[in-house]
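Remarks on the structure that follows.
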Amino acid sequence: MTISVTSPLALEVLGLRKSYGDVVAVNGLDLHVTTGQCFGLLGPNGAGKTTTIEICEGLNTPDAGTVRVLGRTWDRDAHWLRTKLGIQLQETQLAEKLSVIETLTLFRSFYVNARSLDDVIGLVQLGEKRTARVGGLSGGQKQRLALACALVGDPQLLFLDEPTTGLDPQSRRQLWTVVEGLKAEGRTILLTTHYMDEAERLCDNIAIVDHGRVIALGTPRQLIASLDAEHVIRLGTGDAGDDAGTVSLAELLTLPGVSGGCETAGSYELRVGSVQAVLPPLLALAATRGVRWTELSTHSATLEDVFVALTGRALRDG
């Protein structure tokens, strides 16, 4: 099934602001989501992601700013918009005594132009559980059922708020396959996630949000390239002993081949172009100072490294 396109921009957010008392949740945020793409919204807990999504979904109201969903606004076209959106919240509480097919029949009754139940059940791979009660489903199966409830209205725009949090790796990948199928149909998806591998695989464009603002925007490749580093070296000195030597971040940043770095939780992370070029002077400096690295690891640069470089903290930090 391929959906029809009604607007070149599925979502447009301009100057969005929202406060709760003295706490500023969203502070002048802008977003432009093109129809047919999977757009990722990343950031730590408390960055303003969920508040932003709730406003876009019509579940919350902004203090200031403009939100256009599928070219329309909630104050004028709320009924029409509710027929065009699919929403999967971080936690979906469904009636546990109902079966899968009964749950979807209930949700399908809310829409005039809905997808067939067999179609949706097949899409989320719950065919063998169609008569099973919700209370007897596994965590991954419940998440797929929640996604099916969001899909049964045949939405043009899907909001998926951390849909794979708490799932085992196999269940996560099953949901990834479903999302990739939805992208192939031309549906627009706004996704929030704490998993960088998930964002890199599914998202066409990503906005990194912190303190209610967009601090970086681009494709996964563009964001990683912005680090100006191919690799990251992680160093740790915890439990090295009282007689072990020390070295500062400033000294590490002067080593040839190091383009940047930071110190987090007693460890150093150095952004480098070539691990082979940096390791010899790094080890020589450690030997001169009597430093005992209790951790020395390398990995290719990731979106997680982009976030740490921008904010000085890991994605899951509050």
Side-chain angles (χ1 to χ4, degrees), residues 10-11 29 31-45 47-50 52-53 88 90 124 140 143-144 147 157-210 213-234 259-262 264 269-275 297-317:
L11 180 65
L29 185 141
L31 291 176
H32 296 84
V33 180
T34 304
T35 297
Q37 72 173 195
C38 180
F39 191 97
L41 199 61
L42 309 183
N45 295 327
K49 305 185 306 297
T50 297
T52 298
I53 288 182
Q88 182 180 4
Q90 288 185 28
V124 299
Q143 286 288 72
R144 280 185 275 151
L147 180 57
L157 173 58
L158 265 171
F159 292 93
L160 304 181
D161 195 1
E162 300 184 23
T164 64
T165 295
L167 298 187
D168 61 84
Q170 181 179 8
S171 297
R172 286 180 62 211
R173 283 167 174 76
Q174 287 174 332
L175 269 175
W176 291 357
T177 300
V178 174
V179 173
E180 288 171 333
L182 296 172
K183 286 177 59 179
E185 292 179 354
R187 299 180 195 276
T188 308
I189 301 167
L190 183 64
L191 171 74
T192 73
T193 179
H194 275 136
Y195 299 109
M196 292 299 94
D197 54 344
E198 184 166 283
E200 289 189 42
R201 172 165 169 170
L202 297 178
C203 296
D204 302 297
N205 279 288
I206 291 171
I208 297 178
V209 177
D210 197 21
R213 289 180 175 271
V214 174
I215 60 174
L217 178 67
T219 67
R221 286 181 178 271
Q222 288 171 338
L223 291 174
I224 294 172
S226 70
L227 281 175
D228 192 27
E230 294 289 329
H231 305 277
V232 174
I233 299 177
R234 184 176 176 84
S259 59
C262 62
T264 57
E269 291 191 357
L270 305 179
R271 300 189 296 275
V272 306
S274 169
V275 173
S297 61
T298 69
H299 63 263
S300 298
T302 66
L303 287 175
E304 183 83 23
D305 300 312
V306 174
F307 192 85
V308 172
L310 290 171
T311 68
R313 54 196 173 130
L315 183 65
R316 290 179 179 82
D317 293 341

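To the nearest 0.5 Å, atom CG of residue D197 and atom CZ of residue R172 are 4.5 Å apart. Rounded to the nearest 0.5 Å, atoms CD1 (I206) and CD (Q222) are 10.5 Å apart. With rounding to the nearest 0.5 angstrom, the CG atom of L223 is 12.0 Å from the CG atom of D305. Taking CG from L11 and CD1 from I53, the interatomic distance works out to 9.5 Å, rounded to the nearest 0.5 Å. Between the CG atom in L147 and the CG atom in L182 there is a gap of 6.5 Å [rounded to 0.5 Å]. Atoms CG and CD, from N205 and Q37 in turn, are 4.5 Å apart once rounded to the nearest 0.5 Å.
By the side chain to side chain contact (heavy atoms under 4.5 Å, CB included) test, S300 pairs with H231, sequence neighbours left out. Residues that satisfy the salt bridge (charged side-chain N to carboxylate O under 4.0 Å, His left out) test with D168, not counting sequence neighbours, are absent from this structure. Residues forming a side chain to side chain contact (heavy atoms under 4.5 Å, CB included) with L217 (at least two apart in sequence, or on another chain): F39, A207, V214. Take E180 and apply the side chain to side chain contact (heavy atoms under 4.5 Å, CB included) test, not counting sequence neighbours, and it matches R201, L202. Considering only residues two or more places apart in sequence or on other chains, E269 meets the salt bridge (charged side-chain N to carboxylate O under 4.0 Å, His left out) condition with R234.
The main-chain N or O of G43 is found under 3.5 Å from a side-chain atom of K49 such that the two form a donor-acceptor pair. Side-chain N or O atoms of D210 include none that pairs as donor or acceptor with a backbone N or O of A47 at under 3.5 Å. Without hydrogens or angle criteria, R144 side chain to V124 main chain gives a donor-acceptor distance under 3.5 Å.
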Show the atom names and distances, to 0.1 Å, of all donor-acceptor pairs under 3.5 Å that link a side chain in residues 157-167 to residues at least two apart or in another chain.
residue : atom : partner : partner atom : Å
D161    : OD1  : T192    : OG1          : 2.5
D161    : OD2  : Q90     : NE2          : 3.4
E162    : OE1  : T165    : OG1          : 3.3
T164    : OG1  : E198    : OE1          : 2.6
T164    : OG1  : E198    : OE2          : 3.3

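Closest non-hydrogen pair, I189 versus V179, comes out as CD1-CG1, 3.7 Å. The two atoms that bring S259 and V272 nearest to each other are OG-N, 4.3 Å, heavy atoms only. When all heavy atoms of K183 and C38 are compared, the pair lying nearest together is CD-CB, 3.7 Å. The minimum heavy-atom distance linking A199 with P220 is given by the pair O-CG, 4.3 Å. In terms of heavy atoms, T188 sits closest to T34 at CG2-O, 3.8 Å.
For CD of E230, the number of neighbouring non-hydrogen atoms (other residues, nucleotides, ligands) closer than 6.0 Å is 12 at most.
At a threshold of 4.5 Å between non-hydrogen side-chain atoms, the residues V209 and T52 do not count as touching.
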